[in-house]
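Computed from heavy atoms alone, side chains included, the values below leave out hydrogens, waters and symmetry copies.
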Amino acid sequence: MARIVRVARSSSLFGFGNRFYSTSAEASHASSPSPFLHGGGARRDVAKDRNVQWVFLGCPGVGKGTYASRLSTLLGVPHIATGDLVREELASSGPLSQKLSEIVNQGKLVSDEIIVDLLSKRLEAGEAKGESGFILDGFPRTMRQAEILGDVTDIDLVVNLKLPEEVLVDKCLGRRTCSQCGKGFNIAHINLKGENGKPGISMDPLLPPPHCMSKLITRADDTEEVVKARLRIYNETSQPLEEYYRSKGKLMEFDLPGGIPESWPRLLEALRLDDYEEKQSAVA
């Protein structure tokens with residue numbers, strides 16, 4: 001545990017004076033309401049600095065990695081996904097690989113000690129490369145992790161992505177990876193009808209090109225039993241975590257209205273980055 005504290009305090013990833021977003025109560029109350037935002041989260045005012053220090057929360061399969069990665073590219077800051085760190089360690093012959101394999105295949109959460117150790121190594125590597133800012137994906141997942149993170153850095157914004165459980169299960173079961181190129185796809189076609197005043201959700205499958213079709217593989221932990229176990233565990237641990245960041249005025253809860261084509265522009269609007277993306281596109 002002490003390792004990440006030592007690394008983070010000396011790392012260029014931490015300790016920026018200016019933040020990309022203001023998290024003040026005044027900025028929160030002055031923001032425009034949105035049907036996709038709830039729970040007290042707010043659109044924040046964009047500043048000149050791009051050294052964002054953000055966290056993405058959400059159930060397994062909600063799309064944290066997709067949206068965090070897109071924002072990472074847009075803002076020019078590293079996207080650090082603890083799920084990727086775990087999978088990289090699983091693919092290695094390191095001392096943790098066998099232990100991690102047993103944990104993941106049973107649908108259990110990886111311990112704080114292991115996650116902190118993997119994240120520490122990633123931060124050290126980023127520091128050596130001169131990285132600035134970050135978007136964390138999959139960390140923190142527990143109150144203990146949140147407290148560790150809070151001791152070493154000031155998180156600007158916590159984006160909590162939400163989807164109905166039925167959609168999450170279908171998305172997880174539809175995930176596929178090309179064994180040759182490593183790209184991810186999803187064969188699930190989701191069409192959830194709206195009920196009780198809630199809008200329906202439609203998501204088209206993200207199909208691979210023909211040359212990848214015969215090389216698709218399914219993650220060992222993407223079975224219905226394991227997926228539901230992961231969702232149950234996540235829901236049990238996420239409530240105090242969400243409340244922790246909500247009490248600090250840093251939580252922005254965002255209900256995804258559909259797939260990427262529908263959700264991406266809405267998310268940029270909620271983050272006040274829609275104009276920023278247009279300016280970046282014009283420069284490019």
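- Using a 3.5 Å distance cut-off with no hydrogens or angles, the side chains of T82 and D137 do not pair a donor with an acceptor.
- In this structure, S263 contributes its side chain and G258 its backbone to a donor-acceptor pair below 3.5 Å.
- Residues I190 and L256 are members of one and the same hydrophobic cluster, defined by side-chain heavy-atom contacts under 4.5 angstrom among Ile, Leu, Val, Met, Phe, Trp and Tyr.
- The pair R144-E113 meets the salt-bridge criterion, with a side-chain N (NZ, NE, NH1 or NH2) lying under 4.0 Å from an Asp/Glu carboxylate O.
- Surrounding NZ of K108 are at most 12 heavy atoms belonging to other residues, nucleotides or ligands under 6.0 Å away.
- Side chain to side chain, D154 and Q53 fail the donor-acceptor criterion of an N or O pair below 3.5 Å.
- A salt bridge links D222 with R230; the closest basic N to acidic carboxylate O contact falls under 4.0 Å.
- Counting heavy atoms from C-beta outward, P140 and L241 have side chains that approach closer than 4.5 Å.
- I187 and I260 are not part of a single hydrophobic cluster, where members link through side-chain heavy atoms under 4.5 Å apart.
- When side chains are defined from C-beta on, P208 counts as touching L216, because their heavy atoms get closer than 4.5 Å.
- Shown are L149, I135, L251; of these, the side-chain contact (heavy atoms from CB on, under 4.5 Å) with V55 is made only by L149.
- The pair K228-E224 meets the salt-bridge criterion, since a charged nitrogen lies less than 4.0 angstrom from a carboxylate oxygen.
- Counted within 6.0 Å of CD on Q98, heavy atoms from surrounding residues, nucleotides or ligands total 12 or fewer; the atom is thus considered open.
- With S179 contributing its side chain and K215 its backbone, the two residues share a donor-acceptor pair below 3.5 Å.
- The cluster map of Ile, Leu, Val, Met, Phe, Trp and Tyr, joined by side-chain heavy atoms under 4.5 Å apart, puts I103 and L118 in the same cluster.
- Screening L136, V158, L71 for a side-chain contact (heavy atoms from CB on, under 4.5 Å) involving F56 leaves a single residue, L71.
- Under the 3.5 Å distance criterion, the side-chain polar atoms of Q145 are matched with a main-chain donor or acceptor of R141.
- No side-chain heavy atom of T223 sits less than 4.5 Å from a side-chain heavy atom of V227.
- Taking the side chain as every heavy atom from C-beta outward, M203 and H189 never approach each other to under 4.5 Å.
- With hydrogens and angles ignored, the 3.5 Å screen pairs no side-chain donor or acceptor of K183 with any backbone N or O of C178.
- Without hydrogens or angle criteria, K250 side chain to Y245 main chain gives no donor-acceptor distance under 3.5 Å.
- For K99 and E89, the salt-bridge test fails: no basic side-chain N is under 4.0 Å from an acidic carboxylate O.
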